[in-house]
2 protein chains.
Amino acid sequence: MEFKEAKNKFVQTWGALGSQWGINKTMAQIHALLMISNEAVSMEDIMDELQISRGNASMNLRALMDWGIVYKEYKVGERREFFTAEKDLDELAVKISRERSKREIKPALKVLKEVSSIEANTTEEEKHFVSQTTKLYDFVLKADNVLDKITEYKDNWLTKLVVKFMK
Amino acid sequence: MEFKEAKNKFVQTWGALGSQWGINKTMAQIHALLMISNEAVSMEDIMDELQISRGNASMNLRALMDWGIVYKEYKVGERREFFTAEKDLDELAVKISRERSKREIKPALKVLKEVSSIEANTTEEEKHFVSQTTKLYDFVLKADNVLDKITEYKDNWLTKLVVKFMK
DNA sequence: TTAAACTTTCAAAAATAAATGAAAGTTTAT
DNA sequence: ATAAACTTTCATTTATTTTTGAAAGTTTAA
C-alpha cells in the first residue's frame with residue numbers, strides 16, 4: 001500500500017467510526033486529516049482534500065474547536081487561518097470523555113434522578129420502575145465518577161489503569 | 001410527577017441517548033421499555049406503547065436479540081412471543097462493550113495496523129503519518145484490552161474498578 | 001390439510017441529518 | 001475609508017437513515 005492510499009483509508013475509516021459513535025462523518029474525517037498532518041492545514045486544503053464545501057468545513061471545524069480537540073493557528077505574514085488537532089492521545093481521550101459526560105451523561109443523570117424519585121409504591125409495576133431506575137441512576141453515576149477519576153491522571157492514564165488493574 | 005409521565009420521560013430520554021451513541025432511537029426505546037417492565041411484554045404491547053409499526057418493532061427486537069440484551073420468552077398456553085430485557089446492569093454493560101469491541105474496535109484496529117505498516121520513510125509527512133497511526137494503534141489496542149480485562153470480572157466489575165482505582 | 005394466529009421481510013415513503021453555496025460578516029493592509 | 005482576502009451563517013438541497021405496511025413466511029391447533 002502506498003502513502004496516499006493509506007492516508008485515504010485512514011481518513012475514511014475514522015470517518016465511519018465517528019458516525020457509529022454519534023459524531024458526524026465529516027467532523028471525524030477533518031479530525032483524522034489533522035491528526036496525521038505534521039503541520040497546520042488551511043481551510044482551503046481541508047476542503048480540497050475531503051472534497052467538501054466551504055460551509056461544511058467551517059461548521060465542522062467550529063464544532064471540533066468547541067470540543068477542544070482542534071486549535072486555530074496563525075502564521076506570520078499569512079492572512080488565512082490554519083488548524084491543528086490535539087495529537088496527544090491521552091489528552092484527546094480525556095477531552096472527549098469530559099465533553100460527552102457534560103453533554104450527555106450529566107443530563108441523563110438528572111432525568112434518572114427525577115423519574116426514580118416519584119411517589120409510586122402502589123402497584124408492582126410502579127415499584128419495579130422505581131427500583132430499576134434507581135439502580136440505573138446509581139450505576140451511571142458511579143461509572144461517570146470512575147471516568148472522571150481515571151482521566152484526572154491525564155498523562156498516561158491508560159497505562160496507569162493497566163498497571164493498577166493487572167495487580 | 002406521576003408514574004405514566006415518569007415512564008414516558010424515561011423511555012424518551014433513553015431513546016435520545018441511544019441515538020447520540022449510534023444506536024437507533026426505537027431500538028433504545030424498546031430496550032428502555034423492557035428494562036422497566038416487571039414482566040415480559042408482547043410485540044403488540046410494544047407497538048402500542050411506543051406507537052410504532054409491526055415491522056419496526058420486529059426488526060428492532062431482532063437487533064436487540066442479536067446484541068444479546070433482549071430475550072424471547074414463551075408463556076404456556078400462549079401463541080404469542082414475549083420479550084424481556086437483560087436487567088442486570090453489569091451484565092448489560094459487559095455485553096454492549098463486547099459487542100461494540102467486536103463490531104467496531106476490532107475492525108478499526110485491523111485498518112490501523114495496515115496503514116501504519118506502509119513502507120514510507122521518505123518525506124517528513126510520511127514519517128509523521130506512520131508515527132501517528134502507530135501510536136493510535138497501540139492506544140486503541142491497549143484500551144480494548146483493558147476493557148476486556150475489566151469486563152472479565154462480570155459481577156460487580158464497576159464496583160471492583162472503583163475499589164481498585166481509589167487505592 | 002387447512003386455516004387462524006402470529007412473525008418476518010423488504011420495497012417504498014417519511015423523517016432526519018448533513019452538505020451546499022451564495023450572501024453577509026469580519027479582518028487587515030493600504 | 002475602502003477594498004481585498006478571508007470566514008461564517010443559514011435557507012435550501014441532497015443524502016442517509018428509519019419507518020411503514022402489505023405480502024410472504026411460519027407455526028400451531030383442530
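Throughout, protein chains are lettered first and strands after them, A, B, ... in sequence-line order, and every chain is numbered starting at 1. Hydrogens, waters and symmetry mates are skipped; everything else that's a heavy atom, side chains included, is used.
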query: Do K142(B) and T159(A) get their side chains close enough for a donor-acceptor pair, meaning under 3.5 Å?
result: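 There is such a pair (donor and acceptor under 3.5 Å, judged by atom type) between the side chains of K142(B) and T159(A).
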
From [X] [atom1] over to [Y] [atom2], what is the distance, rounded to the nearest 0.5 angstrom?
| X | Y | atom1 | atom2 | result |
| --- | --- | --- | --- | --- |
| M35(A) | F129(B) | CE | CZ | 11.0 Å |
| I30(B) | F83(B) | CD1 | CZ | 9.0 Å |
| E86(A) | K95(A) | CD | NZ | 5.5 Å |

- request: Assign E81(A) to base, sugar-phosphate, or nothing according to its heavy-atom contacts below 4.0 angstrom with the strands shown.
  value: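 The answer is sugar-phosphate, as E81(A) gets under 4.0 Å only of primed atoms, P, OP1 or OP2.
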
message: Please encode protein proximity along nucleotides 18-30 of chain C as a string of B, S and -, counting only heavy-atom distances under 4.0 Å.
response: SSBB-----BB--

- request: Not counting sequence neighbours, which residues clear salt bridge (charged side-chain N to carboxylate O under 4.0 Å, His left out) with K4(A)? List them please.
  value: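 Applying salt bridge (charged side-chain N to carboxylate O under 4.0 Å, His left out) to K4(A) gives none.
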
message: Based on the rotation axes of five pairs at each end, what angle does the helix from dT1(C)-dA30(D) to dT30(C)-dA1(D) bend through, to 10°?
response: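 Roughly 20°, once rounded to the nearest ten degrees.
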
field: Upstream residue (5' side of DNA chain D) when G22(B) and R80(A) are each assigned their closest nucleotide
entry: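 Of the two residues, R80(A) wins.
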
[X] has an atom [atom1]; how far is it from atom [atom2] of [N], in whole Å?
| X | N | atom1 | atom2 | answer |
| --- | --- | --- | --- | --- |
| E44(B) | dA5(C) | CD | P | 12 Å |
| K75(A) | dC6(D) | NZ | C1' | 16 Å |
| M47(B) | dT19(D) | CE | P | 14 Å |
| F82(B) | dT7(C) | CZ | C1' | 14 Å |
| L64(B) | dT8(C) | CG | P | 13 Å |

message: Restricting to non-hydrogen atoms, name the atom on M43(A) and the atom on A57(A) that form the minimum distance, rounded to 0.1 Å.
response: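 Closest approach of M43(A) to A57(A): CG-CB, 4.0 Å.
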
message: I'd like to know if the side chain of W157(A) reaches the main chain of D90(A), judged simply by a donor and an acceptor atom lying under 3.5 Å from each other, with no hydrogens or angles considered.
response: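 Yes, W157(A) side chain to D90(A) backbone: donor-acceptor pair under 3.5 Å.
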
K160(B) to Y153(B) six-membered ring, cation-pi geometry met (6.0 Å, 45°):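 Output no; distance or angle outside limits.
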
message: Looking at K72(B), I'd like to know whether one of its side-chain N or O atoms comes within less than 4.0 Å of OP1 or OP2 on dC6(C).
response: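 For K72(B), the contact criterion (side-chain N or O under 4.0 Å from OP1 or OP2 of dC6(C)) is not met.
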
- request: Kindly determine whether K25(A) and L50(A) satisfy side chain to side chain contact (heavy atoms under 4.5 Å, CB included), including the steps that lead there.
  value: CA-CA 11 Å; K25(A) 198 185 65 184; L50(A) 301 179; over 6 Å; no

